[in-house]
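These notes concern the structure reproduced below.
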Amino acid sequence: MAYDYIVVGAGSAGCALAARLSEDAALQVLLLEAGPADSNPYIHLPVGFYRMTAGPLTWGLKTAPQRHALGREIAYAQAKVLGGGGSINAQVFTRGCPQDYDAWERAFGCAGWSFKDVLPHFIRAEDNDMLAGAWHGVGGPLGVSTPCADALTRAFVQSCQQMGMPYNADFNGPSQAGAGAYQTTVRGARRCSAATGYLRPARGRANLRVRTGVQIQRIVIEKGRAIGVEMIVAGRPVVLRAEREVLLTSGAIGSPRLMLLSGLGPADELRAAGVAVVADLPEVGRNLHDHFGIDVVYELSGSHGFDKYAKAHWKAWAGIEYAMFKKGPVASNIVEGGAFWYADRAAATPDLQFHFLVGVGVEEGVPKIGSGSGVTLNSYALRPRSRGRVTLRSADPRDLPIVDPNFLADPYDLGTSVEGVRQSREIMAQSAFAKYLRQEHFPGGGVRTRTDLEQYARQYGRTSYHPVGTCRMGGDAQSVVDPQLRVRGICGLRICDSSIMPRLVSSNTNAPSIMIGEKAAELVRGRAAPRSLAAAAMQGESALTL
């Protein structure tokens with residue numbers, strides 16, 4: 001069967017894009033996903049995040065040896081499941097600063113991607129359970145809520161204020177700076193991924209087909225036009241045809257990988273890998289960058305956190321509390337609070353982000369505590385300058401790509417990371433939280449000097465699961481896609497996911513990825529989203545004061 005549009009990759013952007021396109025009953029839309037359906041029950045419990053950063057719902061990637069991080073091969077979790085990263089992440093909902101998007105337009109020539117242009121798409125996506133007005137949406141597909149933070153998270157936010165940060169009730173409002181509770185992609189005490197919020201209501205449409213467990217080998221190009229995709233069925237290649245466009249939404253690792261397998265990329269690299277060159281696109285796979293997170297782990301003086309629920313009777317109570325009242329630890333995403341602050345006080349916007357986790361050993365690579373009673377504070381530089389790449393290991397589609405984020409290659413990233421660790425310690429030393437602590441468990445008192453901290457960052461820093469940029473959007477001829485998301489030199493092919501970001505946003509990337517899916521639907525269909533009050537005000541069309 002031929003389809004109008006084939007969407008390759010059912011992650012956050014792909015689900016949003018396919019659902020929006022299928023609103024037009026005249027269009028036939030096919031959404032393809034390499035992973036399974038999102039049927040694992042842990043996906044839908046907010047606390048289930050702690051089971052998701054490794055295992056069968058990921059690709060099992062590791063980085064290439066990191067030259068500036070002691071040669072380590074760092075676990076690099078990328079989702080392989082319907083809903084993508086939104087089905088396995090910590091459900092933190094942040095957009096980044098308006099200045100991030102303004103720079104896309106101003107510095108990279110991405111016309112139509114300034115903050116006033118993308119804000120209507122953020123708002124259209126959102127169904128906030130408490131906030132509304134100029135900066136937030138109500139009634140959109142994506143459930144967003146503000147949790148009732150636990151006692152330790154409240155103490156963390158107070159400690160940030162004691163350190164000198166303001167309280168911030170809305171990181172997605174006019175100002176990002178300060179400490180507070182994160183908004184989360186949770187609705188009715190259940191995770192609301194794009195698969196849940198967008199795709200599930202759309203699955204009943206006759207013009208939308210969703211296929212999981214489908215591994216695409218290549219995009220089929222004929223006479224300079226993408227005409228479909230090739231998959232293997234019963235050992236034989238089968239081509240699925242797209243009458244209008246192929247829309248690539250496989251993420252910052254998957255999208256460049258499929259481009260390269262299809263002969264679209266740097267010609268010399270393709271030939272070296274044994275792939276026939278279809279189009280020489282030198283920047284495919286380049287410009288990879290990510291947030292490099294560093295964790296500080298503290299042991300608590302008693303069972304102040306969720307650790308008590310490891311005992312059988314408390315575990316049973318947690319289940320009852322969730323089933324009856326939709327409350328308690330099962331309803332928590334574990335990362336309830338955080339902060340945005342400055343390593344460089346001269347920076348126009350915060351350059352550090354903090355995540356406070358009510359627990360230890362939640363994510364792969366973070367140490368546990370013998371007693372199980374502890375908390376973790378993670379920090380990272382928001383605008384890293386190091387750049388890496390994604391390349392093919394071979395021409396065999398079964399081989400995973402080589403992923404080299406090139407962490408800490410730029411001295412700025414190392415310096416800002418060290419300042420993040422220093423501020424983490426300062427936060428946790430404040431009286432509001434110090435009363436709960438027994439000791440700093442990791443790295444411990446032996447790590448004090450700047451040299452010590454630099455070594456600690458190199459030895460224990462890790463991905464924050466925010467890779468972007470590998471199919472860069474721009475107004476220049478060298479960019480992989482133009483501001484309409486069309487691949488340069490190839491007709492009928494667009495890339496519509498986080499890989500198109502010319503520069504990483506100053507926050508988590510799930511909400512921006514969904515925004516990209518929303519805007520991509522507008523670009524594909526040629527239908528503009530309604531402007532928000534805030535966007536109108538930025539154009540001087542409203543008296544609203546921001």
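Since the model is a prediction, treat every value here as computed from it, not as a measurement.
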Using a 4.5 Å cut-off on heavy atoms from C-beta on, say whether the side chain of [Y] contacts that of [X].
X: Thr196; Y: Ser87; answer: no
X: Thr53; Y: Thr58; answer: no
X: Arg205; Y: Glu23; answer: yes
X: Ile43; Y: Met52; answer: yes
X: Phe292; Y: Pro405; answer: no
X: Gln353; Y: Pro350; answer: no
X: Asp290; Y: His466; answer: yes
X: Arg187; Y: Asp129; answer: no

Practice problem: Output every pair passing salt bridge (Lys or Arg N to Asp or Glu O under 4.0 Å) with a member in residues 148-170, not counting sequence neighbours, ordered by first then second residue. | Solution: none
Self-check item: Pairs touching residues 428-443 that satisfy salt bridge (Lys or Arg N to Asp or Glu O under 4.0 Å), sequence neighbours left out
Solution: Glu299-Arg438, Arg425-Glu440
Exercise. Quick one: sort the Phe122 and Phe115 rings into parallel, tilted or perpendicular, breaks at 30° and 60°.
Key: tilted
Quiz item: Hey, what's the ring geometry for Tyr380 with His355, parallel, tilted or perpendicular (30° and 60° as the breaks)?
Solution: tilted
Exercise. Give, for atom OH of Tyr465 and atom CD of Gln78, the distance between the pair rounded to the nearest 0.5 Å.
Key: 10.5 Å
Exercise. Could you grab the distance from atom CE of Met501 to atom OG1 of Thr509, nearest 0.5 Å is fine?
Key: 6.0 Å
Quiz item: For Ala18, which residues count as a side-chain contact (heavy atoms from CB on, under 4.5 Å) partner, sequence neighbours excluded?
Solution: Val7, Val29, Leu31, Leu208
Quiz item: Charged N to carboxylate O below 4.0 Å: is that the case for Arg450 and Glu454?
Solution: yes
Quiz item: Is it true that Asp295 and Arg462 have a side-chain N and a carboxylate O under 4.0 angstrom from each other?
Solution: yes
Quiz item: Does OH in Tyr42 sit with more than 12 non-hydrogen atoms of other residues, nucleotides or ligands closer than 6.0 Å?
Solution: no
Exercise. Count the heavy atoms of every other residue, nucleotide or ligand shown that sit under 6.0 Å from NZ of Lys62, and state whether that count exceeds 12.
Key: no
Practice problem: Determine whether the aromatic ring centres of Tyr456 and Phe442 lie less than 6.0 Å apart. | Solution: yes
Self-check item: Aromatic centroids of Phe433 and Phe156 separated by under 6.0 Å
Solution: no
Practice problem: Answer yes or no: is there a donor N or O on one side and an acceptor on the other, between the side chain of Thr212 and the main chain of Glu33, under 3.5 Å? | Solution: no
